[in-house]
Engineer: 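Can you read through this structure? Questions will come right after.
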Amino acid sequence: MHPGARLAPALAALLVSAPNQSGPGGTPLPPPPAQWTSLQPGLDLGIFPGPPGAPGDGKIWIVRVDPSRFELRLANASAGDARPHTVRAWAVALGAVVAINAGMYQTDGLTSVGLMQTRSHRNNPRLSSRLKSVLAFDPRRPGLAPVRILDAACGELATVPPDYGTLIQSVRMVSCDRRNVWAADGRRWSTAAVGVDGNGRALLVHARSPWQVHDLVEALLSLPIDLRRAMYLEGGPVAQLFVRAGGREIERLGAFEGAAQKAGAGLAWEIPNAVVVVPRR
């Protein structure tokens with residue numbers, strides 16, 4: 001087992017399998033109900049099969065977060081001492097139960113490629129015209145969904161900032177009409193992503209096996225997770241997911257295709273921005 005897959009044996013036994021099953025006349029059977037492991041109330045772990053044929057574990061790891069019990073927060077090195085950390089270190093420092101990349105960043109090693117801000121800090125105040133999704137949380141008024149993914153193509157970014165304190169802009173994966181909008185291009189790498197389901201829960205996604213992102217999105221849409229929208233966060237060895245809940249600690253690290261044997265493989269990269277999940281008080 002590679003270093004990014006530390007998992008208790010009892011939990012490893014809950015890996016979701018997907019045998020090829022069919023009904024009478026070869027008609028495909030509907031997918032089985034989603035299977036989740038409860039880490040603690042409001043926080044679940046699902047491990048699902050990904051597209052076939054890729055090296056690695058071939059699994060899609062998803063942490064489902066109930067925003068009524070947990071809140072998302074954005075951590076920026078630019079808001080403090082400008083020192084990046086691994087996703088695990090961000091989680092430990094902030095007392096978080098989960099942490100994941102907060103998006104791609106520029107060559108200065110600090111600044112997001114798109115809009116990124118909280119109520120108290122602006123990492124990048126500029127809304128990119130190329131990036132069509134914004135993860136929004138920390139609503140500014142009652143009655144708003146705690147977590148949303150806004151879609152520029154659906155006119156949801158016509159007024160910025162919207163009524164949310166934290167905004168993170170990146171590339172669309174699943175549009176507001178539940179379409180896969182990532183073009184197939186033949187390139188493969190590990191992926192970290194975020195989605196929302198039909199109940200407004202956040203889905204933090206990590207796939208270490210190097211798939212084409214288009215194929216990964218197709219797989220996500222086919223899973224019984226009620227995915228409504230999704231946004232890309234990071235790829236390659238930089239993509240990370242860390243979970244520390246329910247007496248378990250899980251660290252998932254990314255890679256490029258064929259990079260498992262290269263120098264530095266299995267080492268967590270330090271990143272400037274992370275999304276962390278903390279219990280609501």
Side-chain angles (χ1 to χ4, degrees), residues 1-2 4-22 28-40 42-66 87 97-101 147 149 173-174 178-180 182 184 188-235 239-243 245-246 248-255 257 275 277:
M1 184 176 294
H2 59 75
R6 303 185 183 100
L7 188 63
L11 186 58
L14 293 171
L15 291 176
V16 179
S17 61
N20 294 322
Q21 298 181 352
S22 59
L29 293 176
Q35 299 183 40
W36 298 91
T37 300
S38 177
L39 300 174
Q40 58 190 74
L43 192 71
D44 306 310
L45 174 66
I47 307 173
F48 300 93
D57 66 359
K59 304 295 182 180
I60 303 171
W61 295 58
I62 305 176
V63 178
R64 184 171 64 185
V65 182
D66 181 349
V87 164
V97 293
V98 186
I100 196 168
N101 305 73
V147 180
I149 294 179
M173 296 172 73
V174 176
R178 301 188 73 184
R179 288 186 302 110
N180 182 355
W182 195 291
R188 302 169 182 268
W189 54 71
S190 303
T191 298
V194 60
V196 292
D197 70 9
N199 290 316
R201 293 171 294 194
L203 303 173
L204 305 182
V205 179
H206 189 274
R208 186 182 192 278
S209 291
W211 289 300
Q212 290 189 54
V213 178
H214 174 272
D215 294 346
L216 173 62
V217 176
E218 287 294 302
L220 288 169
L221 286 169
S222 72
L223 293 177
I225 59 174
D226 195 23
L227 178 67
R228 299 305 176 94
R229 302 187 186 193
M231 187 181 90
Y232 183 83
L233 293 175
E234 187 57 275
Q240 303 166 53
L241 173 68
F242 179 76
V243 184
R248 304 179 178 101
E249 184 172 298
I250 303 163
E251 186 175 19
R252 302 288 298 169
L253 307 178
E257 184 176 24
V275 172
V277 178

Engineer: Can you check whether I47 reaches I60 side chain to side chain, under 4.5 Å on heavy atoms?
Structural biologist: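 Heavy-atom side-chain distance check fails, nothing below 4.5 Å.
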Engineer: Indicate yes or no: at least one non-hydrogen side-chain atom of V243 is less than 4.5 angstrom from one of R248.
Structural biologist: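 Side-chain contact under 4.5 Å: no.
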Engineer: Would you mind checking if R228 and D226 are paired as a salt bridge, meaning a charged N to carboxylate O distance below 4.0 Å?
Structural biologist: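 So D226 pairs with R228 through a salt bridge.
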Engineer: Heavy atoms only: give me the nearest A54-P210 pair and the separation to one decimal.
Structural biologist: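 It is CB-O, 3.9 Å.
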Engineer: Report yes if the side chains of N101 and Q240 come closer than 4.5 Å at any heavy-atom pair, otherwise no.
Structural biologist: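 With C-beta onward as the side chain, the pair touches.
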Engineer: Take the angle between the ring planes of W182 and Y232 and call it parallel below 30°, perpendicular above 60°, tilted in between.
Structural biologist: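 Because their plane-to-plane angle lies in the 30° to 60° range, the rings of W182 and Y232 count as tilted.
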Engineer: Within the 4.5 Å heavy-atom criterion, are L241 and V87 side-chain neighbours or not?
Structural biologist: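 The answer is no; the side chains never approach within 4.5 Å.
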Engineer: Got L204 and V277 here, is their nearest side-chain heavy-atom distance under 4.5 Å?
Structural biologist: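 L204 reaches V277 side chain to side chain.
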Engineer: Rounded to the nearest 0.5 Å, how far apart are CZ of R64 and CZ of R201?
Structural biologist: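 Interatomic distance, R64 CZ to R201 CZ, rounded to 0.5 Å: 4.0 Å.
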Engineer: Using every non-hydrogen atom in the two residues, find where W189 and V213 come nearest and quote the distance to one decimal.
Structural biologist: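 Closest approach of W189 to V213, heavy atoms only: NE1-CG2, 3.5 Å.
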Engineer: Identify the heavy atoms of P49 and L223 that sit nearest to each other, and give their distance.
Structural biologist: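 Scanning both residues, the minimum pair turns out to be O-CD2, 4.2 Å.
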Engineer: Just wondering, do V174 and L227 contact through their side chains at under 4.5 Å, heavy atoms?
Structural biologist: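 Of all side-chain heavy-atom pairs linking V174 with L227, at least one is under 4.5 Å.
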Engineer: Indicate the atoms forming the closest heavy-atom contact of H206 with G254, along with that distance.
Structural biologist: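 Here H206 and G254 meet closest at NE2-N, 3.9 Å.
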Engineer: Would you check if T191 and W211 make a side-chain contact, meaning some heavy-atom pair closer than 4.5 Å?
Structural biologist: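 When only atoms from C-beta onward are counted, W211 and T191 do not touch, as no gap falls below 4.5 Å.
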Engineer: Measure across I149 and A230 and return the closest heavy-atom pair with its distance rounded to 0.1 Å.
Structural biologist: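 Here I149 and A230 meet closest at CD1-CA, 4.0 Å.
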Engineer: Can you tell me how far CD1 of I250 sits from CZ of F242, rounded to the nearest 0.5 angstrom?
Structural biologist: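 These two atoms lie 9.0 Å from each other.
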Engineer: Under the criterion side chain to side chain contact (heavy atoms under 4.5 Å, CB included), I'd like the reasoning laid out for V97 against V65: C-alpha separation, chi angles, the key distance, then a yes or no.
Structural biologist: CA-CA 10 Å; V97 293; V65 182; over 6 Å; no
Engineer: With a 3.5 Å distance limit and no angle check, can you tell me whether S38 reaches the backbone of D44 through a side-chain donor-acceptor pair?
Structural biologist: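 No; judged by distance alone, with no hydrogens or angles, the pair does not exist.
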Engineer: Quick one: do V194 and I100 satisfy side chain to side chain contact (heavy atoms under 4.5 Å, CB included)? Show the steps, please.
Structural biologist: CA-CA 9 Å; V194 60; I100 196 168; over 6 Å; no
Engineer: Before you tell me yes or no, could you show the steps for L220 and F48 under side chain to side chain contact (heavy atoms under 4.5 Å, CB included), namely the whole-Å CA-CA distance, both residues' side-chain angles and the distance that decides it to 0.1 Å?
Structural biologist: CA-CA 9 Å; L220 288 169; F48 300 93; over 6 Å; no
Engineer: List the atom of A193, the atom of L233, and the distance in Å for their closest heavy-atom pair.
Structural biologist: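 Scanning both residues, the minimum pair turns out to be C-CD1, 3.7 Å.
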Engineer: Kindly compute the distance separating CE (M173) from CG (L221), expressed to the nearest 0.5 Å.
Structural biologist: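 With rounding to 0.5 Å, CE (M173) is 9.0 Å from CG (L221).
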Engineer: Within the structure provided, determine whether D197 and I225 are in side-chain contact (heavy-atom separation under 4.5 Å).
Structural biologist: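 A side-chain contact under 4.5 Å is absent here.
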